[in-house]
Amino acid sequence: MTRAKPEDDDWNSSKIHAFTFDDDDDEFTKLKESKRAVSSILVDDDDDDDDDDDDDVEKVSWSGEPVGSISWSVKETASSIRSGGEHGFPKINTAPSLPKQGSGYSLSSLFKASTRVYAPELRKPKSECKDYFSDWSPEETVKRMRKGKVYSLERFRSLQDKLLLLDEAVSAHDGNVITAVLIYLKKSLSKEIFFQELMVREIALRHYVHYLKEMEEQKTLVELMKLPFSQDDAIHVQDHYTLLERQIIIEATDKKGEAEIFKKFPRKASILNMPIITTLYYSCFYHYGESEGTFSSPANIRSTFRISEKQYILTALGARAKLKSWFDVDSLFNTKNWLGYTKKRSPIGFHRVVDILQKNNAPVQVLKDYVSLIDDAELKLSLAQKYKCHDIVIEMYRDLKDRQQLIVYQGKVERGSHEDRKIDQLLGNMQIRWKN
Amino acid sequence: MAQTDRRDAPGLPDFSLLKRLARDQLIYLLEQLPGKKDLFIDADLMSPLDRIANVTTLKQHEVDKLYKVELKPVVSVSDQLCFLIRPRIQTVKWIADVVKSDKAVGRFRRYKIIFTPQKFYACETVLEEQGVYGDVTSDEWEFYLLPLDDDIISLELPEFFRDNFLEGDQRWVTTAGSALRLLHFLFGPFSKVYGIGRCAKMVYESWREQVEDGEKKAQNPDIGNVFLIDRDVDFVTPLCSQVVYEGLVDDIFRIKCGSVEFGPDVTSTDKSLKVMLNSQDKVHVGETQRKKEIWWEKQRKKKRCGMDIKQMKAFVAEELKGLKQEHRLLSLHIGACESIMKKKTKQDFQELLKTEHSLLEGFEIRECITYIEEHINRQLDYPFYNSSFYMLLYTFSTLGLLPKDYRSLKAQYLQSYGIEHLLSFANLRQIGLLVEQQPGETLTVMESKVGKLVNDKTAGKLTDAFSSLAKKSNFRALSKRLMLIPKTGEEYDLRVPRDMAYIFSGAYIPLSCKLIEQVLERDGWTGFEEVTRMLNGHEFAVTGPDGTETRNKTDPQRIILVMFLGGCTFSEISALRFLGRERGCKFIVLTTAITNSSRLLESLLDNQG
C-alpha cells in the first residue's frame with residue numbers, strides 16, 4: 001500500500017503519543033496493578049481449566065449433572081488426549097516459502113516505513129515488559145485461545161501489543177483466533193488506525209472483510225473497501241446505468257401494451273434489471289424496424305452498448321425466428337453486391353443459424369435455404385438428413401456420384417412423393433457416371 | 001486382471017468407529033440437557049446426522065420435536081430449545097432474535113447451541129453483542145469425520161473451499177488439523193507425510209502442534225502414509241464433465257452425503273426416492289459395477305454422448321439378470337440412466353464435450369473461443385446453471401487467456417448475464433485463476449504510447465511481448481511434463497484400462513491423482529522441482545519418527561490417506577481406486593466435501609449482488 005504523506009504524519013504522531021516515555025511510567029504502573037488483579041483471577045480459573053479443558057465456564061450454568069455414560073470414553077479419545085509433551089512429529093523442513101516466517105515478516109514489513117523510530121522500541125518492551133505481563137505473552141495467549149482455554153485480551157492495550165498479538169494470531173494460521181483478535185482490535189482501536197494497520201496485513205484484512213460480510217455490516221465494508229473500479233469495470237458500470245435509464249423509458253410506454261404486438265404476444269415480465277442482451281432481444285421482438293432515433297429500437301441499443309455484429313445477429317435471429325418472421329430472418333443475412341445480386345452472408349456459421357431456426361420450429365422450406373449454405377460438406381449432409389431437407393441430400397449424393405447411398409436414401413422418403421420420383425429419375429439417368 | 005484386487009492388497013481399517021464416536025458424543029451432549037427439549041437442526045447437517053443416528057436415538061434422549069433451522073420465528077412450545085448448527089453468524093443471529101423475542105413477551109426457556117464441528121469466537125461475540133450471552137449456552141460436537149464409504153471420509157464442509165480459497169479465511173485450518181489428529185490417534189501413527197499447497201502446509205502445522213500437545217500411544221498403525229493436497233493445485237480435474245457412473249449421477253442428481261434422491265421422472269411413480277450409493281450397495285459391488293462402468297464409458301466414447309436407451313436396457317437385462325432381488329434398485333438405476341440421457345442430449349452436450357477435450361489438449365483454440373463466445377451471446381441457460389461461466393472457467397484453468405480475449409469475453413458475458421457478474425470475475429482473480437495486468441487499461445495505454453514513439457514494426461513486437469505477460473495457465477506445460485493426455489490414435493480399450501485416464505474415457509489423467517502417484521513412487525518431491533514450480537510450490541515431505549526406511553512394505557505402509565483440502569470428485573476417487581488396484585495398495589480419501597463442476601461454480605458465482 002502506498003501511504004499518502006499526510007497520513008504518514010498522522011500515524012507518527014499518534015504513535016508517539018502512545019509511547020512517550022514520560023507517560024509510560026504512569027501507564028505502566030497502573031497497568032501493572034490492574035493486570036495483577038486480573039491475572040490473579042484468571043490463574044484461578046486456569047487451574048480449574050486444566051483439569052478439564054473442554055468444558056468452559058458455560059458448563060456451570062447447566063444444572064444437569066453429567067451423567068456417567070459411555071460417552072466419557074468419547075471425551076477421552078476425541079478431545080482430551082493430552083499428556084507430557086513428546087516430540088512425536090517432525091516439522092516441515094523449511095524451504096524459503098514456509099509460512100512460519102509469518103510473524104517476523106509481517107512485523108518487519110510493518111515497520112519498514114519508519115524503521116529508525118520504532119524498531120528499538122519494539123524490541124525493548126517485549127523483553128522488559130515480560131516482568132509486568134509475565135502472565136501471558138502474545139504467543140501464550142494465542143495458544144490458549146486456540147485450545148479454547150480462558151484468556152484475556154484486555155492487557156493488550158498499546159498499539160504495539162495489539163499488533164504483536166494480531167501477528168502472532170496470523171502466524172498460527174487459525175482463522176478463528178485471527179477473527180477473535182480482529183473483533184477485539186475493532187472495539188479498542190479507532191477506525192482510522194485499525195484500517196491503516198489492516199491495509200499492510202493482507203491475511204488479517206481478508207479475515208476482517210469476510211467477518212464483515214457475514215455480519216452484514218455493509219457500511220463498514222464500504223468504508224474499508226474504498227477501492228476504485230478498474231477502468232475496465234468502470235465502463236461496465238456506466239453501461240449498466242445507461243441501460244437502466246433506457247429500460248425505465250421503455251418500460252413506461254410498453255407497460256400500457258397498446259401496440260398490436262403486445263396484444264398478440266403479451267409480455268411475461270418487466271424489462272427492468274434485465275441484462276443488455278435480454279434487452280436487445282426484447283427490442284428485436286417488440287420494437288423491430290423502429291428508426292434508430294428511438295431509445296427502444298434495436299439499432300439504438302446496438303450502437304449505444306457497442307454490440308458486435310455477431311452478438312446482434314444471434315439475438316435478432318432468435319427474436320425474429322420466435323415470431324416466425326422468416327422474411328426478417330432472410331433480410332438479416334442478405335447482402336447486395338455491386339451488381340445488385342443478393343447473397344447471404346453471416347458472421348456466425350450457418351450450421352448455428354440452422355440450429356437456432358430449428359429450435360424455433362422453422363419449417364423445412366426455411367431450413368433448407370440455410371442448410372444449403374453450410375460450408376462443411378459432412379456437416380451439411382448430416383444436418384440435411386436430420387432435418388429432412390431431402391432435396392439437398394439427393395443433390396449432394398448426385399454430386400458425389402454415390403449411387404448406393406442414394407438407393408439407401410430412397411427408402412427414407414415417402415413413396416411416390418416428389419423426392420421419390422426425383423431419385424428414380426437420377427438413378428435412371430445414363431449420363432451420370434456413378435462411382436458405385 | 002486389473003479389475004479385481006490383488007490378493008496381497010491390504011485390508012482397510014474399519015471406519016465405522018468414527019460414526020460410533022460421533023454418535024456417543026452427541027448423546028452425551030444431549031444428556032447434559034436433561035428433560036424434554038426441541039431440537040433445531042441446520043439443513044445441511046440433516047443428511048450427515050442421518051448417517052450416524054436416527055430419530056429413535058434422539059427420542060431416547062428426550063428430544064421431543066425436530067425442526068429444521070429456517071431462520072423464521074419458532075413455533076415450539078417446549079421449555080428447552082437446543083440448536084444443532086454449523087458455526088455461522090447468520091444462524092446465531094437468528095437464535096439471538098428468538099431469545100430476544102421470547103424475553104420481550106416474558107417467556108422463560110433454556111437455550112443451548114451445539115456447534116459442530118467447533119464454535120467460533122465470532123459466533124459467541126454475536127451472542128454477547130445481542131445481550132443474550134449467558135441466556136444461551138453453547139457446546140461443541142466434535143463431529144469431524146463422516147465415513148461415506150469404506151474408503152471415503154468426508155468432513156462435510158463444502159464451505160471450506162469458498163472460505164479458504166476465495167475469502168482467504170483460515171478458520172477451517174485447525175478443524176482440518178483436528179480431523180487428522182483424530183485419525184492419527186485412532187489409526188496412526190503415520191510414518192510419512194507428503195503434501196502440496198499453502199493450505200496443506202498450514203493444516204500439517206496445525207496437526208503437528210496438536211499431536212505434540214497430545215498423548216502418544218504405542219500401537220500398530222493401520223495407515224502408513226498421508227498425502228495432503230490443496231484443491232487449487234488442480235482446478236482442471238473437478239471442472240471436467242464426469243463420465244464414471246457415480247460422477248455422472250452426482251453431476252446430474254447431486255449426491256448428498258452418499259445418497260441421492262431420484263425424482264418422479266426416474267422412479268416413474270409420483271414419489272421421489274432416496275437411494276444410498278456406496279460400495280456396500282449390491283448393484284455397485286465389484287465386477288458388475290465394473291462392467292457397467294466399462295460399458296457405459298465405451299458407449300460414451302463411441303458416440304461422445306449418444307446413448308441408446310434400448311441398448312442400455314438390453315445391457316442391464318443381460319448383464320445384471322443374476323441380481324433379481326435387486327430388481328427395484330436396478331430399475332431405479334435404469335431410470336436414472338434414461339434421465340441422464342435425456343438431459344445430456346438436450347444440452348448440446350456433444351459440442352460441450354468436444355470443446356472440453358480440445359481445450360484439454362490445446363487444439364483448435366480459436367474454434368473453442370468462438371464456440372464459447374456464441375454460447376455467451378445466446379445467453380444459454382440464463383439465468384440458471386451457468387454453462388457459459390463454466391466454459392470460461394474451464395478455459396482459464398486449462399489454457400489461460402490473452403488479455404484481449406479475456407476482456408472481450410468478459411464484456412460479452414456481462415452484456416448477456418448482467419452486471420452483477422463483475423463480482424464473479426473478481427472471484428476468479430481471488431482464487432488465482434486470473435492474474436490481470438495492472439488495473440485495466442495500462443496495457444493498451446502503454447501500447448499506444450510506445451506505438452507513437454517507435455515505428456509500427458517494433459510496436460507490433462512490443463504488443464506481442466505485452467500479450468505474453470498475460471496469465472497463461474501452466475496446465476499445458478504440466479500436462480506435457482506429466483503426460484496427462486494419453487497418445488491419441490491408439491484405441492483405448494476400456495475393458496483393460498491402462499492408466500487412470502480411463503475415468504475420463506481415456507482422454508485425460510487427472511492431474512491431482514498423477515501427482516499423488518508420482519510422489520509416492522519417487523518417495524518425495526526430488527526431481528520434481530520443475531513441476532512444483534509450475535504449481536506454485538508449497539510442497540513438503542516429512543518422515544515421522546516411526547518412519548523406518550524399510551523397503552519391504554508392511555501392510556499399513558501400503559495404505560495411503562489422501563486428504564483433499566477444498567473437495568474432491570467421484571472421478572478422482574475412482575482414479576485412486578484404480579491406482580490402488582494396480583499397485584497393490586489402498587487409498588483412503590479424506591475430503592472436506594465431495595465436489596463437482598457445478599458446486600465449484602456456485603461457490604465462485606456471486607449472485608447475491
Side-chain angles (χ1 to χ4, degrees), chain A residues 58 61-62 64 66-67 69-71 73-75 77-79 81-83 85-93 97-99 146 173-180 183 203 206-207 209-211 214-215 230-233 236-237 239-240 275-278 305 307-308 310-311 314-315 318 348 352, chain B residues 21 24-25 27-28 31-34 89-90 120-122 125 134 137-139 142 163 167-174 182 185 189 198 201-202 204-206 208 211-216 373-374 377-379 407 411-412 414-419 422 439-441 537-538 540 542-545:
Chain A
E58 295 98 57
S61 45
W62 283 103
V67 190
S69 76
I70 29 163
S71 4
S73 61
V74 182
K75 272 271 164 210
T77 46
S79 54
I81 13 165
R82 196 157 291 164
S83 78
E86 214 162 332
H87 290 289
F89 245 63
K91 286 194 179 184
I92 299 172
N93 268 333
S97 57
L98 205 80
R146 296 181 66 190
H173 308 307
D174 188 323
N176 180 28
V177 175
I178 298 174
T179 310
I183 292 172
I203 294 174
R206 292 184 73 176
H207 279 80
V209 168
H210 191 212
Y211 170 71
E214 287 191 304
M215 288 298 285
S230 78
Q231 222 169 333
D232 238 9
D233 291 351
H236 296 306
V237 173
D239 271 357
H240 183 63
I276 293 174
I277 293 296
T278 311
F305 299 105
I307 287 167
S308 72
K310 199 172 176 180
Q311 281 175 297
L314 278 168
T315 313
I348 46 174
R352 185 77 64 212
Chain B
L21 287 176
D24 289 352
Q25 204 202 355
I27 290 170
Y28 169 76
E31 278 174 357
Q32 289 223 307
L33 182 54
I89 284 177
Q90 210 197 8
F120 287 141
Y121 293 94
T125 312
T137 57
S138 65
D139 226 321
E142 291 162 341
D163 285 348
E167 307 286 358
D169 192 322
Q170 298 165 358
R171 54 165 58 152
W172 300 114
V173 169
T174 308
L182 182 57
F185 181 78
R198 267 168 55 93
K201 222 170 206 176
M202 292 183 215
Y204 176 79
E205 281 298 312
S206 165
R208 186 184 58 77
V211 168
E212 268 178 10
D213 289 347
E215 163 194 310
K216 226 186 110 179
E373 212 170 54
E374 284 173 7
N377 293 163
R378 291 171 70 182
Q379 292 185 300
R407 253 175 291 166
Q412 296 184 43
L414 293 173
Q415 292 183 331
S416 274
Y417 293 88
I419 184 92
L422 264 183
E441 296 300 310
H538 297 288
F540 59 90
V542 284
T543 309

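Naming convention: chains lettered A, B, ... in sequence-line order (proteins, then strands); numbering from 1 in each chain. Just so you know, these numbers come straight off a predicted model, no measurement behind them.
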Shortest non-hydrogen contact between [X] and [Y], atoms and distance:
X      : Y      : result
A:I277 : B:S416 : CG1-OG, 3.3 Å
B:I89  : A:M215 : CG2-SD, 3.4 Å
B:G418 : A:P275 : N-CB, 3.6 Å
B:Q170 : A:H207 : N-NE2, 2.7 Å

For A:I183, which atoms come within 4.5 Å of any heavy atom of chain B: side chain, backbone, both, or neither? side chain
Nearest 0.5 Å, what's the [atom1]-[atom2] distance between [X] and [Y]?
X      : Y      : atom1 : atom2 : result
B:E167 : A:H210 : CD    : NE2   : 4.0 Å
B:E373 : A:I348 : CD    : CD1   : 11.5 Å
B:Q90  : A:E214 : CD    : CD    : 9.0 Å

With a 4.5 Å cut-off on side-chain heavy atoms, are A:K310 and B:E374 touching? yes
Between A:R146 and B:E205 (salt bridge meaning N to carboxylate O under 4.0 Å), is one present in this structure? no
B:Q412 portion near chain A, given a 4.5 angstrom heavy-atom threshold: both
Answer with side chain, backbone, both or neither: which region of B:S206 has an atom nearer than 4.5 Å to a non-hydrogen atom of chain A? both
Looking only at heavy atoms and a cut-off of under 4.5 Å, which of A:I307, A:N176, A:I276 has the most pairs with chain B? A:N176
Working for side chain to side chain contact (heavy atoms under 4.5 Å, CB included), residues B:Y121 and A:T179: CA-CA 7 Å; B:Y121 293 94; A:T179 310; over 6 Å; no
